[in-house]
Structure formats: C-alpha cells, structure tokens
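Protein chains get the first letters and strands the later ones, always in sequence-line order, with residue 1 at the start of each. Treat the numbers as computed from the prediction; the structure is a model and nothing was measured.
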Number of protein chains: 2
Amino acid sequence: MVVYAGQGDPRRSIELLWRGSVTENRPGPKPGLSVDAIVDAGIAVADEQGLAFSMRAVGERLGRTAMALYTYVPGKNELVDLMYDRTMAELPTSYPLDDGWRPAVTRWAHDLWECYGRHPWVLQVSQARPVLGPHEFAATEALAAILVSTGLPGRRLRGIVGAINYFVRGAAQTVVEARAAGGATGEADEEWWYARSAVLLEIEPDLARKFPMLHLLESDREPVDPSLPYLENDALENFRNGLGVLLDGIEGAVTQP
Amino acid sequence: MVVYAGQGDPRRSIELLWRGSVTENRPGPKPGLSVDAIVDAGIAVADEQGLAFSMRAVGERLGRTAMALYTYVPGKNELVDLMYDRTMAELPTSYPLDDGWRPAVTRWAHDLWECYGRHPWVLQVSQARPVLGPHEFAATEALAAILVSTGLPGRRLRGIVGAINYFVRGAAQTVVEARAAGGATGEADEEWWYARSAVLLEIEPDLARKFPMLHLLESDREPVDPSLPYLENDALENFRNGLGVLLDGIEGAVTQP
DNA sequence: GTTGATTCTTTATGCCGTAAAGTATTGGCC
DNA sequence: GGCCAATACTTTACGGCATAAAGAATCAAC
C-alpha cells in the first residue's frame, strides 16, 4: 500500500518554498535543526522507505522526536512538498541547442528519468495541483526553452510539454515500482516476474490463445544488456522507443505546419 | 497523503482474479457475502474516498465488520487488485478498424481516459508489476489488436503501447487529482488555482521575468467551453493535442519505414 | 448428537500523524 | 541582575489504520 502526499496549506507551503525560513535574532533556545536539514533527512528516509516514511523516522535520523519537526514544518504534507522541490533542484536548468531541439529534449527526458530513478517516491507525489516550487518551475522552464526553439505556437507546445512529462513519468514508474516491489519482498525482478507468470500460466494455460495480439507483441525481442536486470532492460528499450515516437510526432508538427 | 496499493500474495491474488472464489457445498454457516459483493462495495467506497478507503468502511457498507472481509479476501492489497481488474472490465474489448487504426486508437484512449475519470483511485494503483488480471489483459489486447494492423514490428509496438498508456494515465491524473484536491478542501478548481497563484504572485511578483519561456507557453490560449471548469478545459485541450502529436509520431513510423 | 469446518464478531497489537501540555533555554527590557 | 515572554524540544495522549488472535454462532456429514 502507498498513500500519495503533498498539498498542505498553500500560503505556508509557498512561503517555505520560495522564501525559506526567516530566522532573525529571537529569544528562546537556539534552534538545533533547520528546514534544510529536515528536508535532507526526509529525502534520505524517503529514498529508502518511500513516501510512507514516518515523521518519527525523520526525527530519529536527526536525533530528535517526531514532534520536534513541527517547529520547522507545518506537517508531513508540507514537508513532502519541500522534499519534492529540493529533488527537482538536481536537474539542469538549461540545455545547449547546438544540435537542435531533438537531442536536447532527449537529454532533458533522460535526466528527469534518472532523477526519478534516484528518488522513486517523487513519482507518488501528486502532479496535478503542482507543488509550484521554484526548482520545478526551473526544470519546466528548461524544457519550454528547448521547445520554444521549434517555433511551434504555445497552444501546441502545452500539450507537448504535458505529453513528454507524462511519458517520462509513466516509463519511470514502470521500472521504479518494479524495483521497489522486488526490494520489498527481497526478490529480484526476474524472480518476481517468474513467480508471477508461472502461477499465471499454471492457472490459465493458454494465455497465448486468449490474447493472441499481446503474444505477438512479445515476440521480436532485441538482444539485451546482460548486466541489467530483465525488467530494467525492457523498460529502457521501451523508454527509448516510445520517446522516439513522441519526438517523431513533434518533428512532424515542426517540419510541416 | 496517499499510499499506493496493490501487489499482495501473487498466487492468492491471481487465483482470485482468474478463477473467482470456489464455493462447493461445505459445512458451516452460509456465507452472507461474496468476493464479488465485496469488490463492488470496495469500488463504490473508493470512488468516494480514494485509495485511502478503510476496510471498516467497506465492511460497514455491507453491514459487516471489517474483519468479516478477511474471510473472503486475504487483505486490502489483494482487494485493491480485484477492484482494479473489475474496473478494467468496463472497457470495450475490441474496436472497429473501418476507418483505420488512428480513430480506433483515439477512441481507445478516450475510453480509458473516461474510465479513469469515473474511478480516480485506479490511477494510484501501482502500474509496474501489473495486476495481471484478465480484464486488464483484455483491454491491452484491444489496443494491441489495433496497433498490429499498422504492420509495425513488435519491437516498435511495445514502446508505443507504453507511450499511449503513460500518456492517457498522466493526462487523466492531472484532471482527476485536481478534481480530488478541490473536492477535499471544498474548493472548485478555479478557486484553488486562484488562491494558489495569488499567494505565489504576492511572494514572487516577477515570475514572468524569471521564467520567460513558461510565460510564453501560457499565452496563445484557445476559446474554451464555458460549461466546464477551467482545469478540465485545459486538460482536455492538452489531452487532445498531446494525443495528436503521439499519433502523428506513430503515423510517421507507419508511412515511412 | 456429536464433530469439525466455516462465518462473523470481539478484542487487542502496533503502527501512523499530530494535538496539547509541560520543561528548559534564551534574548530583550527594567 | 532579574524578570518576562518567546522559542525549541519532549512527553503524553488521541483517534485512526490494517490485521492477528480468540471466541461465538451456524451448519453438513457422520
């Protein structure tokens, strides 16, 4: 089970995102923590445990109780918003256009894909109602800058920006959740798939006859990098192919009005 | 906060998915419930409350305690798997190819999009490690059948199937989560966006200067159906545009090798 | 009529986020 | 120098969650 998170109080969230915490000289004991430290700890914990991490775990990693965090951060939702935007800060904010828009978009997509791979929990943070943090803006700005160079009108580009984002997110989800599930149960991808499909074939022996088109799709596989687990290979191949098709579509729009 | 769900014990899940519950003549009190009834109740509750629904709520809707469900279903994860596949049963299992593959894929995508709209919680169920239920298979088989008619090799088609699925899912997520967030706080989409961007502009007055490309993207809006809320309009426009681009890409692959 | 499997309820355990209240520490002001 | 009020942090507690464990009621087969 996983719960998705994000979207705390807008004003408080946005102030923390864009302004950071304001710490003048005030009475009372010196703060032993900081929003930054808490966000870092949160990311570290979430990288290991996913979005279902507990405030207690974050506190523990900082040598405090869970409640100590509430001095700095209004609640778990707001913390996740901050973690999300901090993660987006890992992405480059501009891409060279020397070889045209296509390699640039490809690199943008790969960078985002890899960022998702490093921080799987990000994929569980709600996307509509975007967090609206500065670094997410910056990342999207980078993609927009590339695409604007195609000369296509904003009307067309909005759909394209969405499509690219959805695609990268979806493709990343496939790998990342598979990896997570394998890790949770201690199984490697291959074993998980084997166990699952073995049971399936035992219960429904003639899948191939019932779903002939799917069976057809599964044929015609390419040789594969043996150093990567099966699913990772599959996902990477599909990522490249799918992205290629998407970019072909954009190219069509660019070359002919 | 939302937790994602799915992926219980493979054997038990798959047996329930493909075989249903086997109920011979046995001693003991007559069962007052059934897996089917529980799955239906689960879907009804999840439609209202999302994946964070409680077993108590499902039991209550059936006039039982939460624990009564565990007689029929191993746990919440497995129940979600069953709910997921039941939902996929709402989709058509084949599409006419009279006008070629393009309108057929478009209709497939729209049907899936609408299904997501009816059952938003489905978008939170893990996609990797697919549930592997018969109806999900059937839905994908329908898409595969359409795409095979393009004559493209399986190698290409796998990426395309992925891309289409990711795109529909991502686009649907945007609307659906926006709707859900508005519903949770009692705000309409417009108000939510207004409140959020008002705060943002107050704190960061020259967004347009900091992110010029994004600002450029936001210009050039089309006239819009005033009966739909703002976000729904936006999402629908982006869905159509993005899908168009994607299909253009496929068309390119079809017409020239 | 008894046995044993089965349905369903009750109770209890151990998580979770976080509200409320208490304690200790500090700067500013008289 | 001494007090006040704000702050950092802990302790305790609450209500909610999934679900384990144990018990009560029900029924077919012998």
Just N and O in the side chain of A:K30: are any of them under 4.0 Å from OP1 or OP2 of C:dG27?
yes

From CG of B:L33 across to P of C:dT7 the rounded distance in Å is 10 Å

Quick one: is B:R26 getting a side-chain N or O under 4.0 Å of the C:dT6 phosphate, OP1 or OP2?
yes

Ring-face cation of B:K76 near B:Y70 (centre distance under 6.0 Å, axis angle within 45°):
no

Report the relative orientation of the aromatic rings in A:F211 and B:W18; use parallel for angles under 30°, tilted for 30 to 60°, perpendicular for over 60°.
perpendicular

Calculate the interatomic distance between B:L69 atom CG and C:dT10 atom C1'; express it in whole Å.
15 Å

If you measure from the Lys or Arg side-chain nitrogens to the Asp or Glu carboxylate oxygens, is any gap between A:R61 and A:E48 under 4.0 Å?
yes

Ignoring backbone atoms, test whether B:S54 places a side-chain nitrogen or oxygen under 4.0 Å from the OP1 or OP2 oxygen of D:dC17.
yes

Can you check the A:Q49 CD to C:dC15 P distance for me, whole Å?
13 Å

How long is the line joining NZ of B:K76 and C1' of D:dT19, in whole Å?
12 Å

Rounded to the nearest Å, what distance is computed from the CE atom of residue B:M55 to the C1' atom of nucleotide C:dT9?
15 Å

From CD1 of A:I38 over to P of C:dT18, roughly how many Å is that when rounded to an integer?
13 Å

Side-chain N,O (B:T65) to OP1/OP2 (C:dT9) below 4.0 Å:
yes

Is B:R118 paired with B:E90 through a side-chain N to carboxylate O contact shorter than 4.0 Å?
yes

Whole-Å distance separating the CG atom of A:L62 from the P atom of D:dC9
10 Å

CA sep, side-chain torsions, deciding dist, call: A:R169, A:Y116, side-chain contact (heavy atoms from CB on, under 4.5 Å):
CA-CA 8 Å; A:R169 217 179 142 90; A:Y116 286 147; 3.9 Å; yes

Note: for A:P27 and B:G75 on DNA chain D, the residue whose nearest nucleotide lies more 5' is A:P27

So, does A:Y70 get its side chain near the phosphate of D:dT10, meaning an N or O under 4.0 Å from OP1 or OP2?
no

5'-most contact on DNA chain D (nearest-nucleotide basis), A:M67 vs B:R56, goes to A:M67

